[in-house]
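Each remark here refers to the structure printed beneath this line.
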Amino acid sequence: METFNDVISADQLVLVDFFATWCQPCKMMHPILLQVKETLGDKLRVIKVDVDKYASTASRYRIQSVPTLMLFRKGEVVWRSSGVMQQGELIAAISRFM
């Protein structure tokens with residue numbers, strides 16, 4: 001079974017969505033993330049981490065508000081943003097690292 005560290009340490013860019021089920025802005029991000037994944041295809045992997053279920057992971061990355069998006073390459077954080085982003089601005093931010 002793949003672990004969080006396995007996923008973020010891969011060669012592929014990984015966008016991590018730190019979210020909570022009770023968070024309205026997080027719910028707004030879900031369809032945006034699906035559109036981004038559809039647009040970028042295999043160039044990007046998108047995973048979601050529930051901060052309530054995985055509090056230790058959220059704490060390790062100092063998640064203080066949700067949604068927080070983090071982009072990883074080979075285990076390193078290359079970009080981070082909190083709050084809702086529109087599809088175009090999210091793709092533009094990610095594209096700088098492709």
Side-chain angles (χ1 to χ4, degrees):
M1 183 175 183
E2 220 174 15
T3 67
F4 179 80
N5 286 334
D6 291 339
V7 173
I8 65 168
S9 296
D11 288 339
Q12 185 179 29
L13 274 178
V14 180
L15 180 64
V16 180
D17 174 24
F18 288 94
F19 77 102
T21 57
W22 46 263
C23 165
Q24 278 306 119
C26 298
K27 292 176 184 175
M28 293 170 54
M29 278 305 301
H30 184 74
I32 295 167
L33 291 170
L34 291 175
Q35 293 168 346
V36 168
K37 176 60 180 158
E38 186 175 309
T39 300
L40 297 178
D42 292 338
K43 298 176 190 171
L44 178 73
R45 182 165 180 185
V46 179
I47 64 170
K48 296 174 74 66
V49 175
D50 185 329
V51 297
D52 294 324
K53 286 184 181 176
Y54 301 99
S56 62
T57 301
S59 176
R60 179 174 30 170
Y61 290 100
R62 296 182 182 95
I63 305 302
Q64 297 178 344
S65 64
V66 287
T68 293
L69 302 173
M70 296 179 75
L71 192 63
F72 289 84
R73 173 180 279 136
K74 297 182 180 178
E76 297 294 317
V77 177
V78 295
W79 176 84
R80 175 184 183 133
S81 180
S82 293
V84 175
M85 295 183 77
Q86 296 307 313
Q87 177 186 358
E89 69 179 317
L90 183 52
I91 289 174
I94 293 168
S95 294
R96 296 190 322 242
F97 300 98
M98 297 185 119

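Heavy-atom basis, side chains included; hydrogens, waters and symmetry copies ignored.
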Query raised in the report: For Ala20 and Cys26, which heavy atoms make the closest approach, and how far apart are they?
Result: N-SG, 3.7 Å
Query raised in the report: Taking the hydrophobic residues Ile, Leu, Val, Met, Phe, Trp and Tyr, and joining any pair whose side-chain heavy atoms are under 4.5 Å apart, which ones share a cluster with Val36?
Result: Leu13, Leu15, Met28, Met29, Ile32, Leu33, Leu40, Leu44, Val46, Leu69, Leu71, Val78, Trp79, Val84, Met85, Leu90, Ile91, Ile94, Phe97, Met98
Query raised in the report: Do Ile8 and Met70 come close enough that some side-chain heavy atom pair is under 4.5 Å?
Result: no
Query raised in the report: Is any side-chain heavy atom of Gln64 closer than 4.5 Å to a side-chain heavy atom of Val51?
Result: no
**Report entry** Rounded distance [0.5 Å steps], OG1 in Thr68 versus OH in Tyr61
**Finding:** 13.5 Å
Requested in this report: For residues Phe4 and Val49, report the shortest heavy-atom separation together with the two atoms involved.
Outcome: CE1-CG2, 3.8 Å
**Report entry** Nearest-0.5 Å distance, CZ of residue Phe19 to CG of residue Asp52
**Finding:** 9.0 Å
**Report entry** Stepwise side chain to side chain contact (heavy atoms under 4.5 Å, CB included) test for Lys53 and Thr21
**Finding:** CA-CA 10 Å; Lys53 286 184 181 176; Thr21 57; over 6 Å; no
Requested in this report: Using the salt bridge (Lys or Arg N to Asp or Glu O under 4.0 Å) rule, collect all pairs that involve residues 25-50, keeping only residues at least two apart or in two chains.
Outcome: Glu2-Arg45, Asp17-Lys48
Report task. Any chance you could lay out the side chain to side chain contact (heavy atoms under 4.5 Å, CB included) test for Val7 and Phe72, step after step, and finish with the verdict? Result -> CA-CA 9 Å; Val7 173; Phe72 289 84; over 6 Å; no
Query raised in the report: Crowded around Arg60 CZ? As in, over 12 foreign heavy atoms under 6.0 Å?
Result: yes
Query raised in the report: CZ/Arg73 to OG/Ser9 distance, rounded to the nearest 0.5 angstrom?
Result: 13.5 Å
